[in-house]
Amino acid sequence: MFKPYRLHVAGKWTSIAIVLIASGAAFAQADGYPARPVRLVVGFAAGGPTDVVARAFAEQAGRTLGQPFVVDNKPGANTILAAQAVAGAPADGYTLLFGAINHTMIPALYSTRVKFDAVKSFLPLCTVATSPTVLVVGPSLPVRSLPEFLDRARQAPGRTTAGSAGVGSSGHFATEMFARANGLRLNHVPYKGAAPVVTDLMGGQVDSSFATLGSVLPQVQGGKLTALAVASPRRSALLPGVPTFAQAGGKDFSADAWYGVLAPAGTPPAIVQTLERAATAFARSEATAEKLRGLGMEASLRCGEPFVRQVREETEAHTRIARELGLQAD
């Protein structure tokens, strides 16, 4: 036990002793992390892309850190239930959120139902994968390049249709961000999910879509849809012949759909470093790269401040667009 000698201001020294003891306990706990199974909360049902990546990460993290990472699916309310469960959990590294880009859309769409702050209540740790957003067109739109698409959309404002998986979906936000960056007016057509968008694209009922690559890769590779540009800083290894928007002659535009790990705010640095080590091992594994390729994704490791900044900036951008469009889900 800590016993200071000859104290002139006993209260002050006693406080210091308590702080030192508490800090020592915290460091001891962090050094032994993880000492029991870790809960990885996913806001989607089992079997979807986010769940598949989460389970692959959990398996690798368990091997890397020597304790099981258990996936806990909490679908519902556009991932709010999962995020809320993690935001209210102790910041001890034993309850984590495996989230996706839609996490940054929660403040944009919900103002009364959410009991947490999508930015301040969390500590973004690392992204581990991305699914590039790609602009694809169907046979109803006779264009084969981004400049042709831009010319056609400008000649007839509001005539070119752009399908998405729904109002407030990542595809909807990507559509609006692209239109604003390039001075366009596109006719947004919301669907109930990504699959019917792809069906109507191939059938000619809708002209275009900003889709995650995984949802359209087979159709693009089979020549049923045409990919005009990838909304990423660099070309996708899965579609090396498709340029980025900047390379294709449009405004620089990025809308990668990310998948990553977030912890409750206040998680100790030692635990953060341990989890970053697990994320690095996962993202750099060849087995991970092979699995992600099958999903139309790529390994993408972004940890610490760059990921924190990305979450903050995306949240601000999505909130701004939602206010301009008057989008509200609650």
Side-chain angles (χ1 to χ4, degrees), residues 22-76 79-103 106 116-130 258-285 287-288 291-292 295 297 299-305 307-308 311:
S23 299
F27 283 123
Q29 180 186 21
D31 289 342
Y33 173 85
R36 53 186 170 86
V38 176
R39 179 184 173 213
L40 194 64
V41 184
V42 179
F44 298 90
T50 306
D51 174 73
V52 172
V53 181
R55 290 180 185 276
F57 170 78
E59 183 180 349
Q60 175 70 53
R63 290 197 301 268
T64 301
L65 301 183
Q67 285 288 345
F69 276 60
V70 181
V71 173
D72 179 7
N73 295 96
K74 271 191 167 313
T79 73
I80 290 175
L81 298 181
Q84 189 166 292
V86 175
D92 57 7
Y94 289 99
T95 302
L96 306 172
L97 177 68
F98 195 90
I101 188 173
N102 64 295
H103 179 80
I106 290 175
F116 58 86
D117 188 304
V119 175
K120 296 179 181 179
S121 299
F122 297 88
L123 177 61
L125 301 178
C126 297
T127 64
V128 295
T130 58
W258 56 262
Y259 303 83
V261 185
L262 300 91
T267 300
I271 292 177
V272 170
Q273 292 174 7
T274 299
L275 291 168
E276 287 182 353
R277 180 160 58 88
T280 301
F282 175 74
R284 293 180 177 172
S285 163
T288 294
K291 180 180 286 291
L292 293 177
L295 297 169
M297 301 180 190
S300 177
L301 184 68
R302 175 175 289 182
C303 297
E305 180 55 32
F307 185 28
V308 172
V311 168

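Here the structure is a predicted model, which means the values were calculated and not measured.
Residues A129 and V53 share a closest heavy-atom pair of CB-CG1, 4.3 Å. Across P75 and L81, no two heavy atoms sit closer than the pair O-CD1, 3.7 Å. Contact between V71 and A58 at its shortest, heavy atoms only, is CG2-CB, 3.9 Å. Minimum heavy-atom separation, L292 to V128: CD1-O, 4.3 Å. Smallest separation of non-hydrogen atoms from D51 and A45: CB-O, 3.6 Å. Annotation for F57 and A279: closest pair CE1-CA, 3.8 Å, computed over non-hydrogen atoms.
Taking Q67 as the reference, P34, P37 meet the side chain to side chain contact (heavy atoms under 4.5 Å, CB included) condition, with sequence neighbours excluded. Annotation: side chain to side chain contact (heavy atoms under 4.5 Å, CB included) contacts of Q273 (sequence neighbours excluded): none.
One finds the CZ atom of R284 at 12.5 Å from the CD atom of Q60 (value rounded to the nearest 0.5 Å). Q84 contributes atom CD, which lies 10.0 Å from atom OG of S121 (distance to the nearest 0.5 angstrom). If you take CG on D72 and CZ on R39, they are separated by 4.5 Å, rounding to the nearest 0.5 Å. For the atom pair L301 CG and C126 SG, the distance stands at 5.5 Å (nearest 0.5 Å).
Using a 4.5 Å cut-off on side-chain heavy atoms (C-beta onward), P49 and L295 make no contact. By the 4.5 Å heavy-atom criterion applied to side chains, D92 and Y33 are not counted as neighbours. The side-chain heavy atoms of L96 and V38, taken from C-beta on, include a pair separated by under 4.5 Å. By the 4.5 Å heavy-atom criterion applied to side chains, M297 and T130 are not counted as neighbours. In this structure the side chain of T64 never reaches within 4.5 angstrom of the side chain of F282, judged on heavy atoms.
At least one donor-acceptor pair closer than 3.5 Å links the side chain of T127 to the backbone N or O of S300. N73 places a side-chain N or O within donor-acceptor distance of the main-chain N or O of F44, the cut-off being under 3.5 Å. In this structure a side-chain-to-backbone donor-acceptor pair under 3.5 Å is present from Y94 to A35. S285 places no side-chain N or O within 3.5 Å of a backbone atom of A281 that could act as its donor or acceptor partner.
A side chain to side chain contact (heavy atoms under 4.5 Å, CB included) with T79 is found for one member of L97, N102, V41 and no other, namely N102.
Environment of CZ in R63: crowded, with over 12 heavy atoms of neighbouring residues, nucleotides or ligands closer than 6.0 Å.
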Side chain to side chain contact (heavy atoms under 4.5 Å, CB included) between F98 and V86, worked out: CA-CA 10 Å; F98 195 90; V86 175; over 6 Å; no
Hey, mind stepping through T274 and L65 against side chain to side chain contact (heavy atoms under 4.5 Å, CB included) and telling me if it holds? CA-CA 8 Å; T274 299; L65 301 183; 3.6 Å; yes
Name the atoms and distances for all side-chain donor-acceptor pairs under 3.5 Å in residues 259-267, with sequence neighbours left out.
residue, atom, partner, partner atom, Å
T267, OG1, P264, O, 2.7

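Note on ring orientation: taking the six-membered ring where Trp is involved, the planes of H103 and F116 are parallel (angle under 30°, cut-offs 30° and 60°).
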